[in-house]
**Student:** 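I have a structure here, written as structure tokens, and I will follow up with some questions on it.
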Amino acid sequence: MQEFPHILSECEEINQVLHKPINSTQRIKYTCLNVSQNYIILGSTSGSIYLFNREPCTFRQLIPLSEGIVSHVLISPDEKIIALATTRGIVCVVTLKPTIKLIATSNEHAYEKIMCLCWNDNSSEIYIGDGTGKVSAIVLSVFTINGMFQSPSCTLMNLDSSIVQLNFSLPLLLISTLTRCYICDTVHEQYKQIGNKARNGEFGACFYKMQIDKNVKTSTIKKEQDMTKKKSSFSLISESNSNIPESISPKIFCARPGSRFWEISANGVVLKTHQFKELLAIPPMKIHKVTKQELEQRQYVNHSWTSQSINFPQLFVIASKYLFSYTSNGLYILDLVNPNVILWSNEFSNITMVDVIENKIYLMISDNEFHCLTLYTLDALILHLYYTNQYYNCLETCITYKSQLSKLINDKHINDIYDIESNQRKLENDEISVLLQPLISILKSNLNPSPIKLDSGIVVVNSGNLKQKFNEDQQNKLTHQICSSTESIQISSVQNTCSDIKNILELNSNLSSTLDENLIRKIQIDLEPICTLSSSIKTSMTEKEMEKFILEIRKKMDNIERLYKTLPQFKDLACDIIDNAKINFTKTFLTNVSIELLRSTMNMIIIDHFMGAFILINSSNYKECTCGFPFPIDQIKEPSFLEIGKILLQKLVNRSTEKCINLCNRVPYMWREYTSLYIKQQYAIEDILRQCLLTQDSVTLSIILPILDTNQWKLITIYLKKMDDKKCLFCEKLITLETNVSSINWNRVIFEVMKKDGPDIAMVFLKKLEVLFPLKSLDKSIFQSFIFTKILHQHGLQFAVDFKCNSNIYGYNTMCSTKIRDQLIKVLKKDIAQFDNKNILSTGAHHWGMQYKSKNKSSTCPCCTLSLQTSVLLDNNGIAIFPCGHTYHVNCMIEKKLTKCNLH
């Protein structure tokens with residue numbers, strides 16, 4: 001898989017939305033920022049908190065408080081509680097769910113400058129660090145949240161200098177000060193110093209979280225929850241006395257002077273030092289912005305840069321893979337596993353506060369300006385813009401980064417993108433979409449196509465990069481998102497204590513579930529009403545009842561799909577599960593519904609629903625070009641619920657040609673039914689020639705080809721040439737097929753014409769084909785079929801003999817068997833050898849194994865006037881029957897040298 005360069009893109013404008021609640025006043029300013037899975041939280045000079053939905057960014061509500069100017073704000077991992085610190089050193093705890101309420105305040109740091117806040121993983125403790133080096137904790141409980149008791153707070157340790165950063169990973173608390181780093185065991189209430197070398201300055205530290213064994217993690221949570229004693233001061237221990245299990249700790253990275261990082265074990269042992277000073281000697285990356293600026297102003301910087309010695313004051317994990325840090329004038333994304341600088345940027349100055357969630361960076365600038373940046377690889381950015389229908393921006397991005405793209409993708413079909421740099425603003429969206437399609441196809445193939453098997457047994461195919469998202473760190477996020485999508489954060493009445501305890505226990509149970517179980521369980525609950533509704537359908541429904549049923553089931557399904565679109569990182573997985581459910585519901589509908597209702601109704605809501613259901617069940621293999629024209633088909637099969645498809649075409653043939661063609665394109669077998677209806681209506685046959693050819697279906701072609709005129713056959717020749725060149729028959733762009741599509745089987749087409757219209761018309765059709773393009777690939781079996789089909793037709797049996805068929809499909813397998821066929825060949829050779837003039841066989845006497853029995857026993861030969869049953873004259877030659885019905889002894893015809901009936 002090719003590695004594409006990374007880009008920081010500002011695709012979303014959030015500044016105006018965030019400032020909207022305070023636009024009416026000059027007095028209130030924002031002071032701090034925090035971002036969670038679903039929310040953006042801003043503290044203010046008024047002491048209040050402003051709460052916003054994160055995606056999409058919209059104002060949710062104001063939480064008024066009066067404890068002073070807010071300096072730090074931090075929402076809990078379960079998104080139910082907000083902790084905030086004021087400039088007076090007061091820490092407040094506010095619940096959001098089930099109701100908004102100030103539940104606790106702490107004065108442990110009164111009149112000191114609070115530097116940072118940190119939650120533990122299960123949202124039960126808040127750790128606070130101040131400018132003197134004091135670290136304290138506020139312990140929450142069910143009773144605290146419900147306002148029954150004040151939350152206890154205590155000082156855990158007093159360190160030698162100001163706290164720079166706090167970071168938590170169950171059960172460890174990581175503390176970075178101006179001089180040292182410390183690792184704390186919150187269960188055993190012990191802490192130790194990391195390394196021996198001191199430093200002087202603001203240097204961050206964080207856990208580089210990897211997946212932790214679930215059993216170990218669960219047992220640790222339980223152990224924490226079982227502790228009933230009040231938190232007390234932590235004791236400093238030596239390295240040899242550590243009780244921290246090495247296996248449950250993620251890596252730890254601590255920033256050091258001179259652009260260095262320590263990699264540290266959970267026991268506080270420095271494993272290695274990573275040096276980035278020289279690696280940072282690369283030019284800064286320009287921030288990619290989706291705007292209407294001129295391309296020349298946004299070209300990629302490509303000049304040299306000197307090495308950089310940087311003190312990284314805060315460390316974050318971004319995209320579950322890299323470390324992110326910032327200074328007041330720079331943003332840095334580093335790979336410490338395979339030491340490398342992913343990118344850095346100096347585009348923003350006076351950065352005051354930053355927060356990171358997933359692959360997004362939220363910036364707060366000193367002049368109260370906000371930015372949201374997203375870390376993409378170049379291919380992911382292009383795909384994101386394309387699939388969100390931002391075609392112009394997608395094209396502009398390709399042109400801006402064409403030097404990088406051209407190095408990674410050497411394909412002549414994408415050169416058109418680079419050739420229109422001066423004209424792209426003249427193109428329409430549809431034109432840009434078609435232009436980009438070759439590149440999009442290549443980029444899609446760069447994704448991981450392997451299927452994912454969930455613990456439940458469900459296999460999700462075409463997962464793209466979803467597999468990377470299925471890790472332990474994402475499980476709680478999904479639960480929070482689903483809950484947040486359905487719950488309201490508005491102020492509600494206080495529930496009784498027992499009910500709250502039950503809700504919290506249920507939440508904790510959900511948090512310990514696996515990702516797929518959470519998602520599938522939630523979708524099952526949402527789909528249950530639709531399942532019940534679809535099972536209630538009856539064949540006795542009236543037209544009005546059916547319309548009501550359809551509208552209700554559509555509404556419910558639309559609501560569910562809209563809900564899961566709010567989870568972009570899990571949208572593909574959710575859509576796969578929902579699509580499978582829709583197919584099951586549709587099968588239930590088509591199985592139980594009354595076909596007679598469809599036949600009699602003219603209600604377009606009902607007809608359209610039947611059509612959508614029929615297409616959904618039968619169009620799984622449909623593929624089309626970027627222009628919307630279908631691709632050639634490798635095989636065609638009879639659809640499920642065929643009778644419903646036939647009725648739909650009969651009802652729509654006079655009302656909507658477009659709908660009929662769409663149905664046939666999606667379910668190609670239906671061209672067999674539609675072409676006959678289409679021809680009867682005397683519509684322009686040229687309009688469907690291309691689609692019929694693309695089916696490569698012998699039956700469909702046998703219906704439409706024999707009626708074509710000379711000009712239409714010229715079109716067929718052109719279309720066949722394009723198909724051989726693997727070009728789209730509409731836009732003529734090259735198409736790539738996953739399977740090798742076979743060419744048209746002309747033997748089968750000719751036989752289908754013979755079966756439908758008889759051997760005479762089939763022979764005319766064959767001669768026309770030979771004139772237009774000689775068919776060297778015709779099999780001898782088709783000529784054998786001609787001969788014996790003609791014999792049967794002469795005797796009133798309207799049946800086509802298929803010599804290519806070795807099975808008893810039609811009930812005449814003996815005539816087509818290999819043994820009989822060989823005997824007939826011998827007879828034909830014997831007949832030919834008896835005549836010097838081979839032309840006699842074209843109209844003359846021959847028997848070819850037939851035995852004639854006249855109904856009139858007194859019938860006589862017109863030549864000799866003797867009975868036709870005279871054994872001597874019959875000999876081995878038998879009799880000859882002419883189309884006029886007169887019958888002769890073959891011996892008499894030979895003797896008289898007759899080649900035709902002389903009674904006319």
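FYI, the numbering just counts along the sequence from 1. The shown structure was predicted, so the numbers you read here are calculated from the model rather than taken from an experiment.
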**Student:** Once you round to the nearest 0.5 Å, how far does CD1 of Ile264 lie from NZ of Lys251?
**Tutor:**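 It comes to 12.5 Å.
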**Student:** Tell me if a side-chain donor or acceptor on Ser345 pairs with a main-chain N or O of Met285 at a distance below 3.5 Å.
**Tutor:**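 Flag set: sc Ser345 to bb Met285 pair under 3.5 Å.
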**Student:** Return each pair, listed once, that meets salt bridge (Lys or Arg N to Asp or Glu O under 4.0 Å) where at least one residue sits in residues 111-120; pairs must be two or more places apart or across chains.
**Tutor:**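 Pairs touching residues 111-120 that pass the test: none.
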**Student:** Are the side chain of Thr31 and the backbone of Val70 linked by a donor-acceptor contact shorter than 3.5 Å?
**Tutor:**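 Indeed, once roles are kept as given, a pair shorter than 3.5 Å links the two residues.
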**Student:** Working to the nearest 0.5 angstrom, can you tell me the gap between Ile22 CD1 and Ile28 CD1?
**Tutor:**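 Those atoms lie 7.0 Å apart.
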**Student:** Please examine the side chains of Ile40 and Tyr50, heavy atoms only from C-beta on, and report whether any two atoms are closer than 4.5 Å.
**Tutor:**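 A side-chain contact is absent here, since even the closest heavy-atom pair is not under 4.5 Å.
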**Student:** What is the distance from atom OG of Ser71 to atom CD1 of Ile90, rounded to the nearest 0.5 Å?
**Tutor:**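 It is 10.5 Å, given to the nearest 0.5 Å.
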**Student:** Could you tell me whether the side chain of Asn120 and the main chain of Ser124 form a donor-acceptor pair under 3.5 Å?
**Tutor:**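 Yes: the side chain of Asn120 pairs with the backbone of Ser124.
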**Student:** Using the ring of each side chain (for Trp, its six-membered ring), is Phe370 parallel, tilted or perpendicular to Tyr30, with breaks at 30° and 60°?
**Tutor:**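 Judged by the thresholds at 30° and 60°, the geometry between Phe370 and Tyr30 is perpendicular.
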**Student:** With the side chain counted from C-beta on, respond yes when Leu96 and Lys80 share a heavy-atom pair under 4.5 Å apart, and no when they do not.
**Tutor:**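 Sidechains of Lys80 and Leu96: no contact.
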**Student:** Determine whether Val317 and Phe207 make a side-chain contact, defined as any pair of heavy atoms from C-beta on separated by less than 4.5 Å.
**Tutor:**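 No, their side chains stay 4.5 Å or more apart.
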**Student:** Pick from Phe276, Tyr208, Phe253: which one makes a ring pair (Phe, Tyr, Trp, His ring centres under 6.0 Å) with Phe261?
**Tutor:**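 In the set Phe276, Tyr208, Phe253, the residue that makes a ring pair (Phe, Tyr, Trp, His ring centres under 6.0 Å) with Phe261 is Phe276.
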**Student:** Distance only, no hydrogens: is a donor on one side chain within 3.5 Å (strictly under) of an acceptor on the other, for Tyr362 and Arg54?
**Tutor:**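 A donor-acceptor contact under 3.5 Å links the two side chains.
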**Student:** Looking at Lys289 and Glu347, is any side-chain nitrogen of the basic one under 4.0 Å from a carboxylate oxygen of the acidic one?
**Tutor:**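 Yes.
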**Student:** Check whether the side chains of Lys360 and Thr374 place a donor and an acceptor atom closer than 3.5 Å, and report yes or no.
**Tutor:**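 Yes, a side-chain donor-acceptor pair sits under 3.5 Å.
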**Student:** Let me know which of Thr186, Ile183, Val187 forms a side chain to side chain contact (heavy atoms under 4.5 Å, CB included) with Leu172.
**Tutor:**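 Among Thr186, Ile183, Val187, the one that satisfies the side chain to side chain contact (heavy atoms under 4.5 Å, CB included) with Leu172 is Ile183.
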**Student:** Using a distance-only test with no angle check, is there a side-chain donor-acceptor pair under 3.5 angstrom linking Asn329 and Ser349?
**Tutor:**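 Absent: no donor and acceptor within the cut-off.
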**Student:** CD1/Ile318 to CD1/Ile333 distance, rounded to the nearest 0.5 angstrom?
**Tutor:**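 Ile318 atom CD1 to Ile333 atom CD1 measures 4.5 Å (nearest 0.5 Å).
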**Student:** Give a yes-or-no answer on whether the side chains of His288 and Glu10 include a donor-acceptor pair shorter than 3.5 Å.
**Tutor:**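 No, Glu10 and His288 have no side-chain donor paired with an acceptor closer than 3.5 Å.
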**Student:** Taking side-chain contact (heavy atoms from CB on, under 4.5 Å) as the test, write out the residues that go with Lys321, two or more places apart.
**Tutor:**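 Partners of Lys321 by the side-chain contact (heavy atoms from CB on, under 4.5 Å) criterion come out as none, since no residue qualifies.
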**Student:** Are any non-hydrogen side-chain atoms of Lys192 and Ile194 less than 4.5 angstrom apart?
**Tutor:**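 No, their side chains stay 4.5 Å or more apart.
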**Student:** Keeping the roles fixed (side chain from Asp185, backbone from Gln190), state whether a donor-acceptor pair exists under 3.5 Å.
**Tutor:**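 Not confirmed, Asp185 side chain does not pair with Gln190 backbone.
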**Student:** Quick check on ring pair (Phe, Tyr, Trp, His ring centres under 6.0 Å): which of Phe312, Phe316, Tyr322 does Tyr332 satisfy it with?
**Tutor:**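 Looking at Phe312, Phe316, Tyr322, the match for Tyr332 under the ring pair (Phe, Tyr, Trp, His ring centres under 6.0 Å) is Phe312.
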**Student:** For the backbone of Val91 and the side chain of Glu67, can you confirm whether one donor and one acceptor N or O come within less than 3.5 Å of each other?
**Tutor:**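 Flag not set: sc Glu67 to bb Val91 has no pair under 3.5 Å.
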**Student:** Would a distance-only check, ignoring hydrogens and angles, find a side-chain to backbone donor-acceptor pair under 3.5 Å from Asp130 to Gly133?
**Tutor:**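 Side chain of Asp130 to backbone of Gly133, a donor-acceptor pair under 3.5 Å: yes, one is there.
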**Student:** Do Leu315 and Tyr326 touch side chain to side chain, with heavy atoms closer than 4.5 Å?
**Tutor:**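 Side chain of Leu315 against side chain of Tyr326, heavy atoms only: no contact under 4.5 Å found.
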**Student:** CG of Leu166 to SG of Cys116: how many Å apart, nearest 0.5 Å?
**Tutor:**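 Spacing of CG (Leu166) from SG (Cys116) equals 3.5 Å.
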**Student:** Strictly distance-based, threshold 3.5 Å: is any side-chain N or O of His72 a donor or acceptor partner for the main-chain N or O of Met115?
**Tutor:**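 Looks like yes, one N/O pair under 3.5 Å.
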**Student:** Please step through ring pair (Phe, Tyr, Trp, His ring centres under 6.0 Å) for the pair His6 and Tyr376, ending with a clear verdict.
**Tutor:** CA-CA 6 Å; His6 286 75; Tyr376 289 108; over 10 Å; no
**Student:** Is it the case that the side chain of Gln16 and the backbone of Leu18 share a donor-acceptor pair, with hydrogens and angles ignored and the cut-off at 3.5 Å?
**Tutor:**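 Not confirmed, Gln16 side chain does not pair with Leu18 backbone.
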**Student:** Check whether the side chains of Ser36 and Glu79 place a donor and an acceptor atom closer than 3.5 Å, and report yes or no.
**Tutor:**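 Looking only at side-chain atoms, Glu79 and Ser36 do form a donor-acceptor pair, the distance falling under 3.5 Å.
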**Student:** Taking C-beta and beyond as the side chain, do Arg60 and Phe52 meet within less than 4.5 Å on heavy atoms?
**Tutor:**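 Not touching, per the 4.5 Å side-chain cut-off.
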**Student:** For a 4.5 angstrom cut-off between non-hydrogen side-chain atoms, does Ile63 reach Ile82?
**Tutor:**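 A side-chain contact under 4.5 Å exists here.
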**Student:** Please assess Leu331 against Leu363 for the test side chain to side chain contact (heavy atoms under 4.5 Å, CB included), listing each intermediate value before the final yes or no.
**Tutor:** CA-CA 10 Å; Leu331 306 173; Leu363 304 179; 3.8 Å; yes
**Student:** For Ala205, give me all partners under side-chain contact (heavy atoms from CB on, under 4.5 Å), at least two apart in sequence or on another chain.
**Tutor:**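 With neighbours one apart ignored, the set is Leu174, Ser176, Cys181, Cys254.
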**Student:** Could you tell me whether a side-chain N or O of Lys134 sits under 3.5 Å from a main-chain N or O of Glu108, the two making a donor and an acceptor?
**Tutor:**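 Yes.
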**Student:** Please confirm whether the backbone N or O of Glu202 pairs with a side-chain atom of Asn311, one donor and one acceptor, at under 3.5 Å?
**Tutor:**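 No; zero donor-acceptor contacts below 3.5 Å.
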**Student:** Taking side chain as C-beta onward, heavy atoms only, is Cys184 less than 4.5 Å from Met157?
**Tutor:**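 Yes, side chains in contact.
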**Student:** Is there a donor in the side chain of Gln37 and an acceptor in the side chain of Glu358, or the other way round, less than 3.5 Å apart?
**Tutor:**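 A pair is found: one side chain offers a donor N or O, the other an acceptor, under 3.5 Å apart.
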